[in-house]
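Written out below as C-alpha cells is the structure these notes cover.
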Amino acid sequence: MKPLIYIIKKSVKNSLLELKRKPAKLIGYIIVLALLSLTLIFNGNNSSKQKILDPALYNTIVGIIMLLFTAPDLYSSINNGANFFRGADINLIFTSPASPQKILVYGFIKQIYTSFIAVFFILFQGPTLYRFDNIKSYGVIVVVFGLFIMLIFNSILKILLYSIASKNDKTKFFLKTTFKILGTVLVIGYFIELYITKSPGKAIISLLNNSVFSYIPVYGWVRAIIMSSMNGINTIFFVYIALIIASSALCIYIINSFELDYYEDVLASTELKETAISATRRGEKAFIQTGKKPRVRKVQYTKKGEFASAIFWRQILEYKKTGFAFINIGSVMYGVIAITAGLYSPLKDLRMILGGMIYLQLIFTFASKWQNDLSNPYIYMLPDHAFKKVIYATTVDNFKNLIDGTIVFVITGILFKSTTLLILLNILAFVSIGSLFIYGGILTRRILGSGNNIIFTALIRMLILILIITPGIVLFTALYNIAGMFISYLAFIAYNILFSSLIIFLGKGVFENIEL
C-alpha cells in the first residue's frame with residue numbers, strides 16, 4: 001500500500017508546486033476562498049432571519065438534487081461502469097504487483113477527494129439557506145456531508161452494477177429495463193399529480209414528498225440525513241449513517257467475494273472518461289455516458305477567411321454540421337423553457353426571465369467555441385494579432401447568444417404582453433452579459449490555465465465569473481428602483497460592454513502563449 005500512498009502524496013505535492021509556478025492561479029484560489037469565508041462569517045453574525053423555508057419545498061429540492069446526482073450515473077454504469085481511475089492509473093497501477101483490494105482502496109481514496117470537490121460548491125449556498133429561520137446553524141455542513149456520503153456510495157454501487165451486468169446480456173437487459181420502468185412510473189406519477197393539482201410546481205412537490213421515497217434504501221436514508229439540516233440531528237440520523245456504511249461494506253464484500261474482475265470493468269469506462277475530459281477542456285459537448293461527440297452531417301461549403309478570420313468561418317461551418325444555421329438543440333431547449341415560463345410563471349416579469357437566463361448562461365458558458373480553438377496549436381501560429389484572434393474566436397458565440405436571446409424574450413414577451421422596447425432591452429442585456437461571460441471565461445483561463453482537476457477549476461472559474469457580473473447586477477437593481485426601467489437597462493448593458501472590452505485586453509494573452 002505504501003507505493004500507492006506515495007503516488008497520492010506526490011500528486012498533491014505536484015499540485016502545490018504548480019501553484020508556485022503559476023502565482024496568478026494561487027491568487028485566484030485565495031481570493032475565492034477568502035470571499036467564501038467572509039460570506040459565511042458575516043452570515044453567521046446575521047440576526048435578521050425571519051423567513052421560514054417550506055419543509056415540503058426543501059424536501060423536493062433535496063430529492064431533485066439527489067436524483068440528478070445518482071440516477072443518470074447509475075443507469076450509465078450498467079454499460080460503462082464506474083470512473084474511479086484515470087488513464088495514468090491504468091498504465092501504472094493496474095500493471096503493478098499490488099493486490100486488487102489495495103488498488104480498490106486507492107481508487108476509493110481518490111473518489112473521496114473528487115466527491116468532496118463535487119459538493120464543495122454547496123458551501124456557497126450557505127448564505128441562501130441561513131436566510132431561513134428554520135435552518136439549523138450546522139445545516140450546510142449536514143447537507144454537504146449527506147451529499148458526500150451519497151456520492152461515495154453511488155461510486156461503489158456503480159462498480160457493482162456494471163460488474164454484475166457484464167456477466168451476461170440477460171442481467172444487463174433486466175437492470176436496464178428496471179431503470180426504465182422506474183423512470184416511467186415516476187413520469188406517470190408526475191402527470192397524475194399534474195392532473196390533480198393543475199400546477200407543474202405543485203405536482204413536483206406533491207410527487208417527491210410521497211412517503212414511498214422515504215422507504216427507498218440509501219436514497220431515503222440520505223434524504224433524511226440532509227433534512228436534518230432543518231429538523232435537527234437525532235438518533236435516527238446516526239442510524240441511517242450506520243446503515244449506509246453497512247450497505248457500502250456489503251457492496252464491497254460482494255465485489256471481492258465473487259471475485260468480480262473490476263479491472264476489465266473499469267478499462268472501457270476510464271477510456272470514455274479520458275475522452276470526455278479532453279473534450280470538456282476543448283469546450284466540446286462530449287458525454288461521459290458514451291464518450292462520443294454529437295452527430296454531424298455533411299454540408300457544402302466554400303473556403304473563406306484568412307489569418308484570424310479563418311477561425312470565424314471554421315466555427316460557422318461547425319454550426320452548419322450540427323444544426324440548422326445557429327439553431328441547434330440548445331436553441332430548442334431555450335424555446336421550450338420560454339414557452340413553459342410564459343404559460344406557467346406566476347410573475348409576468350421579463351426581469352425574472354433575464355435572471356434565469358443569466359444563470360443558465362453561467363452554466364453553459366463552459367462549452368464555448370473558443371475553448372475548442374485553444375486546444376488546437378494552429379491558433380498560436382496564425383500570423384495575426386492576439387486581439388483579432390479573440391474577436392474572431394468569440395464572434396460566433398456572441399451571435400449565438402443573440403439568436404437564443406431573441407427566441408426566449410420574443411416568446412416570453414409576447415406571452416407576458418410586454419412592450420417591444422422592453423423585449424429589445426432584455427435581448428441586448430442578455431447578449432451583453434453573455435459577452436461578459438465569454439471574455440470573463442478567457443480571463444479565468446488566463447489566470448487558472450486549463451487545469452488538471454476539471455471540477456475544482458470549473459468551480460473557481462464560476463466563482464470568478466460571478467464576482468465579475470455581480471456589480472452590474474447590483475447596479476441594474478439599484479437604478480431600476482431609482483431611475484426607472486430604461487436607464488437601468490442601459491446602465492447594465494453599458495457596464496457589460498465596458499468590462500468586456502477591458503477583460504479582452506487582460507486575457508488575450510491565452511491566444512499568444514500556448515503555455516497559458
Side-chain angles (χ1 to χ4, degrees), residues 64 68 72 187 190 200-201 204 279-280 283-287 293-297 315-316 318-372 394-441 458 461-462 465-466 469 472-473 476 489 492-493 496-497 500:
I64 291 174
L68 292 177
V187 172
Y190 168 75
I204 295 176
T280 302
E284 297 177 359
K285 296 178 181 179
F287 298 94
K293 300 177 183 179
R295 291 183 179 180
V296 297
R297 55 192 175 90
Q315 292 180 358
I316 292 290
E318 287 190 357
Y319 266 112
K320 289 181 179 180
K321 290 180 178 180
T322 56
F324 297 95
F326 288 92
I327 306 298
N328 56 13
I329 187 65
S331 304
V332 175
M333 184 191 71
Y334 280 134
V336 172
I337 292 174
I339 295 173
T340 305
L343 294 175
Y344 296 107
S345 176
L347 297 175
K348 307 299 182 181
D349 190 344
L350 285 182
R351 287 181 300 167
M352 303 299 296
I353 305 300
L354 179 61
M357 291 299 295
I358 289 174
Y359 182 77
L360 291 176
Q361 222 172 20
L362 176 63
I363 297 174
F364 294 138
T365 189
F366 293 95
S368 299
K369 291 289 185 183
W370 62 265
Q371 295 184 90
N372 187 23
T394 56
T395 298
V396 168
D397 287 324
N398 284 314
F399 193 73
K400 183 67 168 65
N401 287 335
L402 176 61
I403 298 296
D404 293 339
T406 302
I407 292 172
V408 171
F409 290 106
V410 168
I411 292 175
T412 53
I414 293 173
L415 294 175
F416 288 175
K417 299 180 180 179
S418 303
T419 63
T420 303
L421 177 60
L422 182 58
I423 293 174
L424 180 61
L425 287 173
N426 276 276
I427 292 173
L428 294 177
F430 178 75
V431 174
S432 65
I433 194 70
S435 297
L436 193 57
F437 277 130
I438 292 170
Y439 299 122
R461 175 180 170 181
M462 184 177 293
L465 289 176
I466 291 174
I469 67 170
I473 295 176
F476 172 75
Y489 271 98
F492 181 65
I493 294 169
N496 295 333
I497 294 174
S500 294

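What's counted below: heavy atoms across the whole structure, side chains too, no hydrogens, waters or symmetry copies. This structure is a prediction, so every number in the text was calculated from the model and none was measured.
Put simply, the side chain of Y334 reaches to within 4.5 Å of the side chain of L360, judged on heavy atoms. In this structure, V408 and I353 have side chains that are in contact, with non-hydrogen atoms separated by less than 4.5 Å. The shortest side-chain heavy-atom distance between I473 and F492 falls under the 4.5 Å cut-off. Side chains of N401 and Q361 form a contact here, defined as non-hydrogen atoms less than 4.5 Å apart.
Checking each of I438, T394, I433, L436 against S500 for a side chain to side chain contact (heavy atoms under 4.5 Å, CB included) leaves exactly one that passes, namely L436.
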In a table with atom names and distances, give each donor-acceptor pair under 3.5 Å that connects a side chain of residues 417-432 to protein atoms at least two apart or in another chain.
{"residue": "T419", "atom": "OG1", "partner": "L422", "partner atom": "N", "Å": "3.2"}
{"residue": "N426", "atom": "OD1", "partner": "Y489", "partner atom": "OH", "Å": "3.0"}
{"residue": "N426", "atom": "ND2", "partner": "L422", "partner atom": "O", "Å": "2.8"}
{"residue": "N426", "atom": "ND2", "partner": "Y489", "partner atom": "OH", "Å": "3.2"}
{"residue": "S432", "atom": "OG", "partner": "L428", "partner atom": "O", "Å": "3.2"}
{"residue": "S432", "atom": "OG", "partner": "A429", "partner atom": "O", "Å": "2.8"}
{"residue": "S432", "atom": "OG", "partner": "N496", "partner atom": "ND2", "Å": "2.9"}

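Scored by the side-chain hydrogen bond (donor to acceptor under 3.5 Å, both in side chains) test, S435 finds N398 as partners (sequence neighbours excluded).
For the pair T406 and L402, the tightest heavy-atom approach, listed with the atom from each and the gap, is OG1-O, 2.7 Å.
Taken from CD1 in I407 to CD1 in I339, the straight-line distance is 10.0 Å, to the nearest 0.5 Å. Interatomic distance, CG of D397 versus OH of Y439, reported as 8.5 Å (0.5 Å rounding).
Pairs of residues two or more places apart, or lying in two chains, that qualify as salt bridge (Lys or Arg N to Asp or Glu O under 4.0 Å) and include a residue from residues 350-360 are D349-R351.
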